[in-house]
2 protein chains.
Amino acid sequence: MKLSEGVEAAIHAALTLAGLEREATMPASALAGQFGQSPSYLLKHLNALTVAGILQSLPGPAGGYRLARLPEAISLLDIVLAVEGPRPAFRCAEIRQRGPAALPVSVFAKPCVINAAMLRAEKAYRAALAHETLDGLMDAHTVQTDPRAVAAGCAFVLQNQRAQKKSKTV
Amino acid sequence: MKLSEGVEAAIHAALTLAGLEREATMPASALAGQFGQSPSYLLKHLNALTVAGILQSLPGPAGGYRLARLPEAISLLDIVLAVEGPRPAFRCAEIRQRGPAALPVSVFAKPCVINAAMLRAEKAYRAALAHETLDGLMDAHTVQTDPRAVAAGCAFVLQNQRAQKKSKTV
DNA sequence: GTAGTGTTACTCGGATAAATATTGTCCGAGTGACATCGG
DNA sequence: CCGATGTCACTCGGACAATATTTATCCGAGTAACACTAC
């Protein structure tokens, strides 16, 4: 029961990208520097977000990453699933039918009650994550976080975002 | 975001122990055999449950494990926390203050909004797990599971449980 | 027949390796911007 | 002065090690039951 360290980096990156202007991009190297992380490693997670359709990546100079959707349409669940994979945390290995008793398979047609209970809990977890959007986090950030940190974040964004000269609608 | 394989074994073991008579015990070897698992490895998790106060272990012949509390007083949350550890799945590494910007520490006195959101979701997860008790799972098991599997489980319990001759209240 | 005693076999417990997943790093392919050259 | 073109530097992407965690195993300490012996 441990989430990847990369989940935190991915969420921070997405939240930062949510702050820059529409059509603008930010290279992964800037994000990695901001968080004191290895650029090559952050790319791994950003790529996962791109594959999942959460981010867009633009190659070449003045390229980088940007959100593929509006911040209110991106939830923490989307990010977590993209980085950690879609499979549930509890994976029923069906150990109940592993014993030497060797009962016929038809006996285990109905789902394992333990698995069902664990999946119920995980469903609640995912519902809570789906309720947390990037937009909401941005609002909470501006309200709850120390103004100095907010100002520093804005300055960083203004300094590192790269506006796209030609408006491309890929 | 992956739970230990041992969590499943621990829950199955606890659910099996919930089925035997009061004061009776069952050795770990029997449980391991039932689930087709290594006895030595299952002991690791059973020991964790014992340390957490969920199970009781009795040494010597006719010894084994039994529940330390009534089944209705044991939730899946208790078991998961005992096996996986009490720490939350999302551990904020405070990467927001790792950048080269070097802002004073006082700026980050207020909690990270991302961490807060993740902990909210995890709180929902734990609440759902706390709602699932061994007693409830036993009821669901007898109702939903194939009668043949239930009968086999009962037979296994009757065959492998060891009644304590002297009622000891440790 | 009963109590005491020694042995025994069974239990759990912790310390120790193997396997797997995660974390971290490197180098290569691709692309758009820039400078240069020609008209 | 304007357009086309070639070069270049910067970007992301995937393949390759190092580390941490999880999984699996072995051997030892402890204990209660059992059998035996003495009373």
Side-chain angles (χ1 to χ4, degrees), chain A residues 1-10 13 17 24-33 35-51 55-66 68 83-85 87 89 91 93 95 160-168 170, chain B residues 1-10 13 17 24-33 35-51 55-66 68 83-85 87 89 91 93 95 160-168 170:
Chain A
M1 189 61 180
K2 194 191 69 166
L3 265 69
S4 304
E5 196 91 3
V7 173
E8 185 180 3
L17 291 176
T25 63
M26 183 178 287
S29 58
L31 291 168
F35 302 138
Q37 294 211 330
S38 166
S40 308
Y41 185 43
L42 185 61
L43 273 172
K44 193 187 192 75
H45 302 302
L46 294 178
N47 186 27
L49 295 178
T50 304
V51 171
L55 300 185
Q56 279 183 346
S57 68
L58 277 73
Y65 286 95
R66 67 182 174 197
V83 175
E84 293 286 330
R87 300 175 60 184
R91 299 162 196 175
I95 65 173
N160 290 96
Q161 72 177 352
R162 308 277 167 86
Q164 295 301 306
K165 298 295 175 59
K166 304 173 183 178
S167 64
K168 304 194 67 174
V170 179
Chain B
M1 188 62 181
K2 195 192 69 168
L3 263 71
S4 304
E5 195 91 2
V7 173
E8 185 180 3
L17 291 177
T25 63
M26 182 177 289
S29 59
L31 291 168
F35 303 137
Q37 294 211 330
S38 167
S40 309
Y41 184 43
L42 186 62
L43 274 172
K44 192 187 192 76
H45 302 301
L46 294 178
N47 186 26
L49 295 178
T50 304
V51 171
L55 300 185
Q56 279 184 345
S57 69
L58 277 73
Y65 287 94
R66 68 182 172 197
V83 175
E84 292 285 330
R87 299 175 61 183
R91 298 161 195 176
I95 65 173
N160 290 95
Q161 73 177 351
R162 307 279 169 85
Q164 296 299 306
K165 299 296 175 61
K166 304 174 183 178
S167 64
K168 305 195 67 175
V170 179

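This structure is a prediction, so every number in the text was calculated from the model and none was measured. Lettering follows sequence order; numbering is per chain, from 1.
- Straight-line distance from the CD atom of Glu8(A) to the P atom of dT22(C): 17 Å, rounded to whole Å.
- For the atom pair Met26(A) CE and Arg162(A) CZ, the distance stands at 9.0 Å (nearest 0.5 Å).
- In this view, Ser40(A) and Ser38(A) satisfy the side-chain contact (heavy atoms from CB on, under 4.5 Å) rule, not counting sequence neighbours.
- One can place CD of Glu84(A) at 15 Å from P of dT21(D), the figure rounded to the nearest angstrom.
- Between Ser57(B) and dG13(C) there is a side-chain N or O to OP1 or OP2 distance below 4.0 Å.
- At least one donor-acceptor pair under 3.5 Å links the side chain of Thr25(B) to the backbone N or O of Ala62(B).
- Taking every heavy atom of residues 38-46 of chain B and every atom of DNA chain D, pairs under 4.0 Å involve Ser38(B), Ser40(B), Tyr41(B), Lys44(B), by number.
- Atom CZ in Arg91(B) sits roughly 12 Å away from atom C1' in dA20(D) (whole-Å rounding).
- The end-to-end axis angle of the helix from dG1(C)-dC39(D) to dG39(C)-dC1(D), rounded to 10 degrees and based on five pairs per end, is 10°.
- Using a 4.0 Å cut-off, no side-chain N or O of Asn47(A) falls inside it from OP1 or OP2 of dC12(D).
- Side-chain atoms of Glu84(B) and Ser4(B) include a donor-acceptor pair closer than 3.5 Å.
- In this view, Thr50(A) and Asn47(A), Leu55(A), Ser57(A), Tyr65(A) satisfy the side-chain contact (heavy atoms from CB on, under 4.5 Å) rule, not counting sequence neighbours.
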Would you tabulate the nitrogen or oxygen pairs shorter than 3.5 Å linking the protein to nucleotides 5-11 of chain C?
residue : atom : partner  : partner atom : Å
dT11(C) : O4'  : Gly60(B) : O            : 3.2

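- Atoms CG (Asn160(A)) and P (dC10(D)) sit 15 Å apart, rounded to a whole Å.
- Going from atom CD of Gln37(A) over to atom P of dT23(C) covers 10 Å, rounded to whole Å.
- Computed from coordinates, the Glu5(A) CD to dT22(C) P distance equals 13 Å when rounded to whole Å.
- Taking 4.0 angstrom as the limit, Thr50(B) places none of its side-chain polar atoms (N or O) nearer than this to OP1 or OP2 of dC12(C).
- For Ala48(B), there are no side-chain contact (heavy atoms from CB on, under 4.5 Å) partners two or more places apart in sequence or in a different chain.
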